[in-house]
Peer 1: 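Here it is, the structure in full.
Heavy-atom basis, side chains included; hydrogens, waters and symmetry copies ignored. Bear in mind that the values here come from a model prediction, so they are computed numbers and not experimental data.
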Amino acid sequence: MPENVRAGLQALMIEYCYAVDGLKDMQPLLDLFTDDARADFTAIGLPMINGKGEIKTFFDGVFAGMSHHFHFISNFRPESWDGSVGAMTAYVIGMGRANDGNTVTVQVKYRMECIEQDGAWKCRHYTITPMMPMPGSLTEIHGEG
């Protein structure tokens, strides 16, 4: 993977964490995804999300239900590059506090498969997998399960 591609994918993952942690402005988050992006959160007990509209709906709920978010991202690792599609993984510790006072901490791995569109890197397939056992509070906060 060329260094400029690696840097672009790493920057996209970092911007994703900042956008999610902001809990206010949805547009910077949505700008990181292709229109047909898929987000597979099934390994952590959350839904498969298809398309930017469903991504917005999911995160509207997250933003409304949470008072605080904090994501620490590290161990960036280029996974593949075919000349137009690049994939990278990273380890993440995510913490949050719901409006009802419930808290959650997760240790997961992000995998983002990305393409360049209109001069910017965009995620077209995003997967979260657990690195440690998942806490029950995650499903409590998101009302799943």
Side-chain angles (χ1 to χ4, degrees), residues 1-52 54-63 65-98 102-145:
M1 180 181 291
E3 186 56 35
N4 66 316
V5 173
R6 183 189 194 291
L9 299 185
Q10 184 171 326
L12 183 141
M13 293 178 113
I14 291 168
E15 288 307 311
Y16 169 82
C17 289
Y18 272 90
V20 170
D21 288 349
L23 292 173
K24 291 192 181 357
D25 187 0
M26 183 66 62
Q27 198 56 52
L29 176 67
L30 294 176
D31 289 345
L32 300 173
F33 291 94
T34 62
D35 289 340
D36 62 349
R38 290 180 31 223
D40 185 352
F41 299 162
T42 59
I44 61 168
L46 297 175
M48 169 68 82
I49 303 168
N50 296 296
K52 201 181 273 192
E54 287 186 20
I55 290 169
K56 180 182 183 320
T57 298
F58 176 81
F59 281 103
D60 278 341
V62 170
F63 284 20
M66 301 298 289
S67 65
H68 295 83
H69 258 186
F70 176 84
H71 289 80
F72 179 79
I73 190 168
S74 68
N75 296 38
F76 296 96
R77 184 177 191 187
E79 292 288 317
S80 64
W81 171 246
D82 70 2
S84 60
V85 179
M88 181 175 281
T89 59
Y91 291 168
V92 179
I93 298 173
M95 293 161 265
R97 180 177 202 79
N102 196 356
T103 62
V104 64
T105 300
V106 297
Q107 297 87 22
V108 297
K109 179 168 54 174
Y110 287 175
R111 182 181 188 279
M112 292 187 172
E113 180 182 288
C114 307
I115 60 172
E116 198 169 13
Q117 279 186 342
D118 303 320
W121 285 99
K122 305 228 179 212
C123 181
R124 73 176 192 181
H125 190 215
Y126 170 34
T127 306
I128 300 176
T129 54
M131 298 295 290
M132 297 287 290
M134 298 306 294
S137 57
L138 181 64
T139 52
E140 287 178 37
I141 286 173
H142 290 290
E144 304 288 328

Peer 1: Determine, step by step, whether Ile93 and Val106 satisfy the side-chain contact (heavy atoms from CB on, under 4.5 Å) criterion, reporting the C-alpha distance in whole Å, the side-chain angles of both residues, the deciding distance to 0.1 Å, and the verdict.
Peer 2: CA-CA 6 Å; Ile93 298 173; Val106 297; over 6 Å; no
Peer 1: Below 4.5 Å, heavy atoms only, C-beta onward: do Phe76 and Met13 meet side chain to side chain?
Peer 2: yes
Peer 1: Would you please classify the geometry between the Tyr126 ring and the Phe33 ring as parallel, tilted or perpendicular, with 30° and 60° separating the classes?
Peer 2: tilted
Peer 1: Using modelled atom types and a 3.5 Å cut-off, is there a donor and acceptor pairing between side-chain atoms of His69 and backbone atoms of Val20?
Peer 2: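 Yes: the side chain of His69 pairs with the backbone of Val20.
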Peer 1: Can you confirm whether Leu29 sits close enough to Tyr16 that some side-chain heavy atom of one is under 4.5 Å from a side-chain heavy atom of the other?
Peer 2: yes
Peer 1: Does any non-hydrogen side-chain atom of Glu113 lie less than 4.5 Å from one of Val85?
Peer 2: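 Yes. Closest side-chain heavy atoms under 4.5 Å.
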Peer 1: Which of these, Lys109, Glu79, Arg111, sits in a side chain to side chain donor-acceptor pair (under 3.5 Å) with Thr89?
Peer 2: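 With Thr89 as partner, Lys109, Glu79, Arg111 yield a single side chain to side chain donor-acceptor pair (under 3.5 Å), made by Glu79.
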Peer 1: As an exercise, state the distance from CD1 of Ile44 to OG1 of Thr42, rounded to the nearest 0.5 Å.
Peer 2: 9.0 Å
Peer 1: Give me the atom names and distance for the closest heavy-atom approach of Phe63 to Leu23.
Peer 2: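 Answer, listing the atom of Phe63 first, then Leu23: CD2-C, 3.5 Å.
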Peer 1: Step by step, would you call Met26 with Lys56 a side-chain contact (heavy atoms from CB on, under 4.5 Å)?
Peer 2: CA-CA 7 Å; Met26 183 66 62; Lys56 180 182 183 320; 4.1 Å; yes
Peer 1: Locate the shortest heavy-atom distance separating Ser67 from Ala98; write the atom from each residue and the value.
Peer 2: OG-O, 3.9 Å
Peer 1: Tell me whether the count of non-hydrogen atoms from other residues, nucleotides or ligands lying under 6.0 Å of OH in Tyr91 goes above 12.
Peer 2: no
Peer 1: Roughly how far, to the nearest 0.5 Å, is the SG atom of Cys17 from the CZ atom of Phe70?
Peer 2: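 Going from CZ on Phe70 over to SG on Cys17, the span is 9.5 Å.
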Peer 1: Counting only heavy atoms not in Lys122, do more than 12 sit closer than 6.0 Å to its NZ atom?
Peer 2: yes
Peer 1: Quick check against the 3.5 Å criterion: does Gln10 have a side-chain atom that pairs as donor or acceptor with the backbone of Arg6?
Peer 2: no
Peer 1: Would you check, one step at a time, whether the test side-chain contact (heavy atoms from CB on, under 4.5 Å) holds for Cys123 with Thr34?
Peer 2: CA-CA 6 Å; Cys123 181; Thr34 62; over 6 Å; no
Peer 1: Start with the C-alpha gap between Leu32 and Trp121, add the side-chain angles, then the distance that decides, and say whether side-chain contact (heavy atoms from CB on, under 4.5 Å) holds.
Peer 2: CA-CA 7 Å; Leu32 300 173; Trp121 285 99; over 6 Å; no
Peer 1: Tell me, do Val108 and Thr129 make a side-chain contact under 4.5 Å, heavy atoms counted?
Peer 2: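 Contact flag for Val108/Thr129 side chains = no.
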Peer 1: Checking Asp21 side chain against His71 main chain: does a donor-acceptor pair fall under 3.5 Å?
Peer 2: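 Yes.
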Peer 1: Looking at side-chain heavy atoms only, is the closest gap between Leu9 and Met1 below 4.5 Å?
Peer 2: yes
Peer 1: Is there a side-chain contact between Arg38 and Arg124, using heavy atoms and a 4.5 Å cut-off?
Peer 2: no
Peer 1: When you compare the side chain of Tyr18 with that of Pro28, does any pair of heavy atoms fall below 4.5 Å?
Peer 2: no
Peer 1: Any side-chain heavy atom of Ile55 sitting closer than 4.5 Å to one from Leu30?
Peer 2: yes
Peer 1: Compare every heavy atom of Glu54 with every heavy atom of Asn50, then report the nearest pair and how far apart it is.
Peer 2: N-OE1, 2.9 Å
